[in-house]
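For this chain, numbers begin at 1 and follow the sequence in order. In what follows, every heavy atom counts, from backbone to side chain, and hydrogens, waters and symmetry copies are set aside.
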Amino acid sequence: MGRHSLIEMEAVLAIVRCGSFRAAALDLGMSTTAISNAVGKLERELAVRLFNRTTRSVSLTYAGRIFVAQIKPALEDIQKAMNTARAQQEVPSGILRINAFATAAREIMVPLVLTYLQRYPQVHVDLVTEGRLVDVVAAGFDLGVRSADLVPSDAIAIPLGQTRSMAVAASPTFFEGGPIPQVPQELLTYPCLRVRLPNGALFRWRFEKGGEELQLEVEGPITLDEASLARIAAMNSVGIGYFMEADVREDIAAGRLIRILEDWTPPLSPLCLYYSNRRNSSAAFQAFIALARDFAAGRLSPP
């Protein structure tokens, strides 16, 4: 069986709709010969006549009526799908899928994602957070958000420009009546909040100062794998925690947590939004990229 093009089936429907080959040709912007050839080709491949033709009239055969009844809904669905796809090139709509580390997602949630949703309410953002690195293209994501040093070399990256660092912190009551650690090694004598990585390994706290680098495997009464839980534990004086500074910035400013060893936690690699080379990308995708560039340049106000 031959492969039929949409134009051959559209020609059949146009003839039925317009009542003649000539009128159908004008409707489709084709010559009468071209539309006649298209129908003839389809009839030969189907081995059935679809139209009864005379010099004065054209009408569907019995086989033609069955054929039209079956293809018309399908072609209408195809046309709707094509119109929907075209619309997404004009007005941001549809679904935008983003993959990010949880900490990265928290940092961009209010200033970037919520601003985007406010501007483009016809778009649904599917934001997936996970600790492991994934191939965003293979996993079906439009965009990824990671530290600059973890962005694939073949991806297009937009540095988001935020200053990032880790923060070692505990509640004020935790340090009541006792000394505050002055160097990382002193943490080994304090109860700390241990963190488990997605692969099951315990996270080693990293420090750097004046070219000296340290990694400590701390001890403590509890092991957690979620930053929000570690923050709750620290606020309740369970131990000293090691956080993304952005996650506890407000607590430190309000005095609910005390930051220590700040001179041992230098800036980290900035966050980057990244994606593969996209041709004919949707309006939703293009709008998010444009907004991210404005965000990186400091031209956005939070919603």
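- Counting heavy-atom neighbours within 6.0 Å of Arg22 CZ, excluding the residue itself, gives a total of 12 or less.
- Using a 4.0 Å cut-off between a side-chain N of Lys or Arg and a carboxylate O of Asp or Glu, Asp225 and Arg196 do not qualify as a salt bridge.
- The closest side-chain heavy-atom distance from Leu13 to Val68 is below 4.5 Å.
- At distances below 3.5 Å, at least one donor-acceptor pair connects side-chain atoms of Ser282 with backbone N or O atoms of Phe285.
- Leu160 places a side-chain heavy atom less than 4.5 Å from the side chain of Phe295.
- Note on Val58 and Phe67: same hydrophobic cluster, where clusters join Ile, Leu, Val, Met, Phe, Trp and Tyr whose side-chain heavy atoms are under 4.5 Å apart, directly or indirectly.
- Contact record, Ser237 with Ser171: OG-OG, 2.5 Å, taken as the closest heavy-atom pair.
- The heavy-atom pair separating Ser93 from Val123 by the smallest distance is N-CG2, 3.5 Å.
- Side-chain atoms of Gln182 come within 3.5 Å of backbone atoms of Ile180 as a donor-acceptor pair (strictly under, hydrogens ignored).
- In this structure, the side chains of Trp205 and Leu261 stay at 4.5 Å or more apart for every pair of heavy atoms.
- Under a 4.0 Å N-O distance rule, the pair Arg17/Asp27 qualifies as a salt bridge.
- The two residues Leu291 and Leu112 come nearest to each other via the heavy atoms CD2-O, 3.8 Å.
- The closest side-chain heavy-atom distance from Leu257 to Phe174 is not below 4.5 Å.
- Salt bridge Glu226/Arg106: present, at least one basic N to carboxylate O contact under 4.0 Å.
- Counting heavy atoms from C-beta on, the side chains of Leu214 and Trp264 come closer than 4.5 Å.
- Not counting sequence neighbours, the partners of Arg97 by the salt bridge (charged side-chain N to carboxylate O under 4.0 Å, His left out) test are Asp126.
- Contact between Ala284 and Leu96 at its shortest, heavy atoms only, is O-CD2, 4.2 Å.
- Taking 4.5 Å as the limit, every side-chain heavy atom of Leu216 sits out of range of all side-chain heavy atoms of Cys192.
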* **side-chain contact (heavy atoms from CB on, under 4.5 Å) between Tyr242 and Val218, intermediate numbers included** => CA-CA 10 Å; Tyr242 187 79; Val218 297; over 6 Å; no
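- No side-chain heavy atom of Glu107 sits less than 4.5 Å from a side-chain heavy atom of Val145.
- Hydrophobic clustering keeps Phe51 apart from Ile66 (ILVMFWY residues linked when any side-chain heavy atoms are closer than 4.5 Å, directly or through intermediates).
- Nearest heavy atom pair, residue Thr223 against residue Leu202, reads CG2-CD2, 3.7 Å.
- A salt bridge links Glu219 with Arg194; the closest basic N to acidic carboxylate O contact falls under 4.0 Å.
- A donor and an acceptor atom, one from each side chain of Thr33 and Ser31, are nowhere located under 3.5 Å apart.
- Contact record, Arg259 with Ser165: NH2-OG, 3.4 Å, taken as the closest heavy-atom pair.
- Annotation: cation-pi geometry satisfied between Arg146 and Phe101 (NZ/CZ under 6.0 angstrom from ring centroid, within 45° of ring axis).
- Under a 3.5 Å cut-off, the side chain of Glu245 and the backbone N or O of Ala167 do not form any donor-acceptor pair.
- Using a 4.5 Å heavy-atom cutoff, the side chains of Leu127 and Met109 are in contact.
- Grouping the Ile, Leu, Val, Met, Phe, Trp and Tyr side chains by contacts below 4.5 angstrom, directly or via other members, places Val248 apart from Tyr190.
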